[in-house]
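Notes follow once the structure below has been shown.
Below, chains carry the letters A, B, ... as their sequence lines are ordered, and counting in each starts from 1.
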2 protein chains.
Amino acid sequence: MPTINDVAKAAGVSPSTVSYVLSGRRPISAETRARVQAAIAELGFHPHAGARALASSKTNVIALVAPLRVDVNVPVIMQFATAVVTAARSYNHDVLLLTKDEGTAGVERVAHSTMVDALILMDLERDDLRIPALRRLKQPSVLIGLPADHTGIACVDLDFGAAARAALDHLAGHGHRRIGLVGPSPAVYKRQTTYADRFLTGFLEASVDLGLQTVTHPCEPGAEGVRSCMADLDAELAGLTALVVHNEEALRPLLDLLHATGRRVPEDVSIVAICPRDVATAMPVNLTSIDIPAHDVGTLAVETVMRLLDGRRVEYTRLLEPSLVERDSCREISASHR
Amino acid sequence: MPTINDVAKAAGVSPSTVSYVLSGRRPISAETRARVQAAIAELGFHPHAGARALASSKTNVIALVAPLRVDVNVPVIMQFATAVVTAARSYNHDVLLLTKDEGTAGVERVAHSTMVDALILMDLERDDLRIPALRRLKQPSVLIGLPADHTGIACVDLDFGAAARAALDHLAGHGHRRIGLVGPSPAVYKRQTTYADRFLTGFLEASVDLGLQTVTHPCEPGAEGVRSCMADLDAELAGLTALVVHNEEALRPLLDLLHATGRRVPEDVSIVAICPRDVATAMPVNLTSIDIPAHDVGTLAVETVMRLLDGRRVEYTRLLEPSLVERDSCREISASHR
DNA sequence: GCCCATCGTCGAAGCGCTTCGACGAAATTT
DNA sequence: AAATTTCGTCGAAGCGCTTCGACGATGGGC
């Protein structure tokens, strides 16, 4: 492996000049620059990342802490990761992948040993133990999610409250007045990831604002969970004409169940789902849905990191507007149901 | 951030002694070691990764090159990634995540700039352009997959040929003689990922060996693809009593189709699927399946990397034995069908 | 009781880069 | 025409660690 010294010799300049050609931090004459670049190309020189990090205190690496349990939501996590890696590369950074399992220790390890310039964490819990640890780091961090007290730490997420509101707006606009929410599994609420609550709160507030009769229920995974959730919803509020489904895995069994019990979508029951677009369109009925904009969120997280690294101002809470895409699962309520 | 010098002063020893305490490469007396460790703990010292990499030419990082397109197979990819990260951590290494999109350039970039000690790549194509590049690197690499010419590069994968054989063995053992293969989508064949071919070859060979009448067909995604695939299979071989499905996304629509056309599983048609366990058990019928042991493959890939880094011998082609798990989708063929 | 190996520690060199201050030459100002 | 800036480059220091050779102190073998 050639070093910067080899390049310098080959180009007949000093190593510092090569460095300045590379970084552009000082003016270098066109001819010198050309000679240096030729030497770089010819020797196939690549600066040694460790040496660079040591000298400049910059690694050009950011950590991504992802929930790598083999869990639900896998596709969404993957979309986040993809977006983060892609965006990071566009800023000439690489991504070190950590699992959430390592907890506080993992975060501190990579930060203290100066492996990364910044961190992006996903799947934050309400009172996430890692947050106080993050505050102590010299590296900035950006959260994908919205824990309770994130003072001083930038957060990016979908505005789940607004998403709930948008779903109800849409259904109310189609004349629906009795609406059920098929919520995430109790495990999600238990895990204290706040998006479930934010959605629920938005849902309840919008119900009031719009004068709707609504009923909500978490939904265990699997056909049985869906069955019992629907039974509960129906029992608590007769004459449901629409469902909001904030539970990706429930979608399929739910449609099966509705089909089996002779409730047609959208003729008898309208549905708005909160899920990735491809899930919405992979169902027997193309579902009107609110996308989880994982790509946008991931990209924004990286942009925020870059601003922080540049010492620029950032908004500490950035909640992305939901966007509802109409497909085939909502219909104007028929007169007979009003 | 305290440095090794700070620790040395606090412990009243030289920096090199601290280093030897850390690495264990030279004997250090118990008292000195204790004093040094106390100083490390008290100061909260963490060695600077860049400095360490520079001095030792080891980064303790491995690159994982994953296909991060938002594609099918996402869960499997995630399982690989999870296994790799977890296993790497158990060897005190971290993982730098690259996308396959960067191609040869990405691989060369991280290798030449000495960001990683080794690479693990997934989703290799038959004549993958990255392979010649990998051969030129000073870092070793391990492939998850089996491209055509991988001389000198370690590969780890499921033995898809054996998997096909195992599926047919199982069905033949249940008396089935007329069996169809629902293959991957044409796109997969086109992408030249070799597992599809390896499976197909194994399937055809086993058909002959077991004296079976078989027919094979790729299967486009979606309900329509499944319909036309089944139509083709039925047309080419009447009286099919069993299906082998090597196509995760086709599974669901296939079961729907069979149901809709009144063919019961397993009463009228037995099924063996090649897919992750959780997919097999998420279907209306619990499917007898051959798992893609992503976790084992990922772990083995990391172990292989570690052996290579230690200069130990490795097997250059490691194909994991498939294991078939019986569930509810296969049945002894009834007399009337023989 | 002498020689040699081993143990435990230190000092110094060096890994490959960035960055700061310096300095002559050229350009600009006054 | 003198004074000042700017331009383009260099040399040297230093980032924080590992590692090699050296060296005094022990200890075992004979």
Exercise for the section: Would you confirm whether A:T194, through its side chain, and A:L146, through its main-chain N or O, come within 3.5 Å as a donor-acceptor pair? Expected result: yes

Practice task
Taking salt bridge (charged side-chain N to carboxylate O under 4.0 Å, His left out) as the test, write out the residues that go with B:D157, two or more places apart.
Solution key: B:R198

Problem - With B:R126 via side chain to side chain donor-acceptor pair (under 3.5 Å) - residues at least two apart - result: B:Q192, B:D197

Problem - A:K100/A:E125 ion pair, N-O < 4.0 Å - result: yes

Exercise for the section: For A:T3, check side chain to side chain donor-acceptor pair (under 3.5 Å) against everything at least two apart and list the hits. Expected result: none

Exercise for the section: Could I get the full list of side chain to side chain donor-acceptor pair (under 3.5 Å) partners for B:E42, not counting sequence neighbours? Expected result: none

Completion exercise
salt bridge (charged side-chain N to carboxylate O under 4.0 Å, His left out) filter on B:R313, not counting sequence neighbours, yields none

Handout entry: Within residues 28-38 of chain B: residues closer than 4.0 Å to DNA chain C (heavy atoms)
Key = B:I28, B:S29, B:T32

When you compare the protein's N or O atoms with those of nucleotides 23-26 of chain D, which come within less than 3.5 Å of each other, and at what distance?
none

Practice task
May I ask you to list the residues of residues 112-119 of chain A, by number, that have any heavy atom positioned under 4.0 Å from an atom of DNA chain D?
Solution key: none

Handout entry: Pairing residues for A:D117 by the side chain to side chain donor-acceptor pair (under 3.5 Å) criterion, not counting sequence neighbours
Key = A:T59

Practice task
Determine, for A:D296 against A:R318, whether the closest basic-nitrogen to carboxylate-oxygen distance falls under 4.0 angstrom.
Solution key: no

Completion exercise
The complete set of salt bridge (Lys or Arg N to Asp or Glu O under 4.0 Å) pairs with one or both residues in residues 45-60 of chain A, sequence neighbours excluded, reads none

Problem - Carboxylate-amine/guanidinium proximity below 4.0 Å for B:D101 and A:R89 - result: no

Exercise for the section: Spell out protein contact along nucleotides 14-23 of chain C as letters: B when the base is contacted, S when just the sugar-phosphate is, - when no protein heavy atom is under 4.0 Å; keep the 5' to 3' order. Expected result: BBBBBBBBB-

Exercise for the section: Determine which pairs satisfy ring-ring contact (aromatic ring centres under 6.0 Å, His included) with at least one residue from residues 139-159 of chain A, sequence neighbours left out, and list them in order. Expected result: none

